[in-house]
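Reading through the structure tokens given below for one structure.
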Protein chains: 2
Amino acid sequence: MLDAAVKVFSRRGFHAASMDEIAEDAGISKPMVYAYLGTKEELFVACLHREGTRMMQAIAGAAAPDLPADDRLWRGLRAFFGFVGAHRDGWAVLYRQARGEQPFARELATMRSRLVEVVAGMLDHALRAEGREIAAVDLEVVAYALVGATESLADWLADHPDADPEKTATRMMNVAWLGAAQLLHGVTWRPPAD
Amino acid sequence: MLDAAVKVFSRRGFHAASMDEIAEDAGISKPMVYAYLGTKEELFVACLHREGTRMMQAIAGAAAPDLPADDRLWRGLRAFFGFVGAHRDGWAVLYRQARGEQPFARELATMRSRLVEVVAGMLDHALRAEGREIAAVDLEVVAYALVGATESLADWLADHPDADPEKTATRMMNVAWLGAAQLLHGVTWRPPAD
DNA sequence: GAGCATACCTACTCGTGCGTAGGGTTACGC
DNA sequence: GCGTAACCCTACGCACGAGTAGGTATGCTC
């Protein structure tokens, strides 16, 4: 039942999707949708919630906290891209639609910031292991960038149905980890004097 | 006049924004908006177009093609984040709203892919200078990731009004260039045997 | 000052889609 | 066979907002 909603929302976008179409696609009538899942917003939030939870679980399940940082990153990425590859509709709802729609931006932002936190925590952990430390803001920003890059590749993956999630994850590692590893070893880039 | 539209669109989103509000905000009445700028879609496209062109020009003006790759990247990023910092509304319209709205996704995707192309071209150029070459797909994907990371930081910047665009650009360089430089030197990451 | 055009506004029509009221149908108890 | 209760549908009310029709004021020509 939620499946139908996710499908329609992903095809049409939140606003353009009509409850009539969702009901029809689910094989029932509109009042039933209202009876079971409430208003359109509640329905969308329910979709968001389910897809988000599934995704988080997929990632958390793959990236155990006791692994070394690079391995954790790799497993997490692989799980993430695997999820997106398998649930392209879900990803479209979660990321493309919710963004910009005021009522859901908050919901999405929460999930995203949890991700950012996890990544930042990972970096911080790895840094401390190397005996280094950098400001919390910097960590957050780097984590933000990594999450953004990953989302961007997820989009790319969603638009290329033949692409291999595993390979995409490898590419992401090449971008992310090589840079992050440099940072961990104390190599930084500074703006030229000008 | 477009300014009012950009402001309202950025606050409300495309659908939630009413022509009445835009007209009121611009200090004129609705029929005038229609007389000067046509339908709501045309109006939005006009906003998109103006902000997009401004942004592209800001970047292109800063990153001359004859500079070395790292310098070009740095100047381009600095110009980009400077632009976002100065036109937060514009960025919100351009990126947050247009995404997901079917009719404008194309417009946005075009702009984005032009950016990706430029970045990929830059990487390719730098690679050839090093006597290396990698598959075009890989280049595209790496460029995609970099663009995604940059957009993500732009969002961060838009949500943190006190943040310094210059500093944000520096952070982006640290994530992007350190990783890219590794790639350019032939260092790559490979998945563990498992 | 009469005729005319330009610039603008108020007040409407009309389509669309969310949410619901009220009616039909099947299954079960008596 | 008849009451009734659970379930689901068709068909509507209603609000909101895009786009427009027709009227009013200001300035310009002769």
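Heavy atoms only: backbone and side chains are in, while hydrogens, waters and symmetry mates are out. In what follows, chains carry the letters A, B, and so on, assigned in the order in which the sequence lines appear, proteins first and then strands, with residues in each chain numbered from 1.
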Restricting to pairs with a member in residues 19-38 of chain B, which pass ring pair (Phe, Tyr, Trp, His ring centres under 6.0 Å), not counting sequence neighbours? none
For the residue pair A/Phe80 and A/Trp91, does the interplanar ring angle fall in the parallel (under 30°), tilted (30 to 60°) or perpendicular (over 60°) class? perpendicular
Mind telling me whether A/His15 and B/His15 have parallel, tilted or perpendicular rings, with 30° and 60° as the class edges?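 Geometry flag for A/His15 against B/His15: parallel rings.
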How large an angle, rounded to 10°, do the end axes of the helix from C/dG1-D/dC30 to C/dC30-D/dG1 enclose when each is built from five base pairs?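 Nearest ten degrees gives 20° for this helix.
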Rounded to whole Å, how long is the line connecting atom CD1 of A/Ile28 with atom P of D/dT10?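 Going from A/Ile28 (CD1) to D/dT10 (P), I get 12 Å.
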Nucleotide D/dT20, atom C1' - distance to NZ of B/Lys30 in whole Å: 9 Å
Between which nucleotides of DNA chain C, read 5' to 3', does contact with chain B run, using atoms under 4.0 Å from its heavy atoms?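 From 5' to 3', the first and last contacting nucleotides are C/dC8 to C/dT10.
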Answer yes or no: are there more than 12 heavy-atom neighbours, outside A/His160 itself, under 6.0 Å from its atom NE2? yes
[X]: salt bridge (Lys or Arg N to Asp or Glu O under 4.0 Å) partners, not counting sequence neighbours:
{"X": "B/Arg112", "result": "B/Glu151"}
{"X": "B/Glu21", "result": "B/Arg11, B/Arg12"}
{"X": "B/Lys40", "result": "none"}

Residues two or more places apart in sequence or in another chain: which of them pass side-chain contact (heavy atoms from CB on, under 4.5 Å) with B/Ala63? B/Arg72
List in chain and number order the residues that pass side-chain contact (heavy atoms from CB on, under 4.5 Å) with A/Ala64, two or more places apart in sequence or in another chain; answer none if no residue qualifies. A/Asp66, A/Leu67
Atom pairs, protein N/O to nucleotides 21-26 of chain D N/O, distance under 3.5 Å:
none

Check whether any side-chain N or O of A/Ser152 sits under 3.5 Å from a backbone N or O of A/Gly148 as a donor-acceptor pair, and report yes or no. no
Counting only non-hydrogen atoms, which of residues 15-27 of chain A are less than 4.0 Å from DNA chain C? A/Ala17, A/Ser18, A/Met19, A/Asp20
Mind running side-chain contact (heavy atoms from CB on, under 4.5 Å) on A/Phe81 and A/Thr150 for me, showing each step along the way? CA-CA 9 Å; A/Phe81 285 111; A/Thr150 309; 3.8 Å; yes
Enumerate the salt bridge (Lys or Arg N to Asp or Glu O under 4.0 Å) contacts for residues 168-185 of chain B, please, sequence neighbours excluded, ordered by first and then second residue. A/Asp138-B/Arg171
Please, which pairs that meet side chain to side chain donor-acceptor pair (under 3.5 Å) have at least one residue in residues 45-54 of chain A, sequence neighbours excluded? A/Asp3-A/Arg50, A/His49-A/Glu107
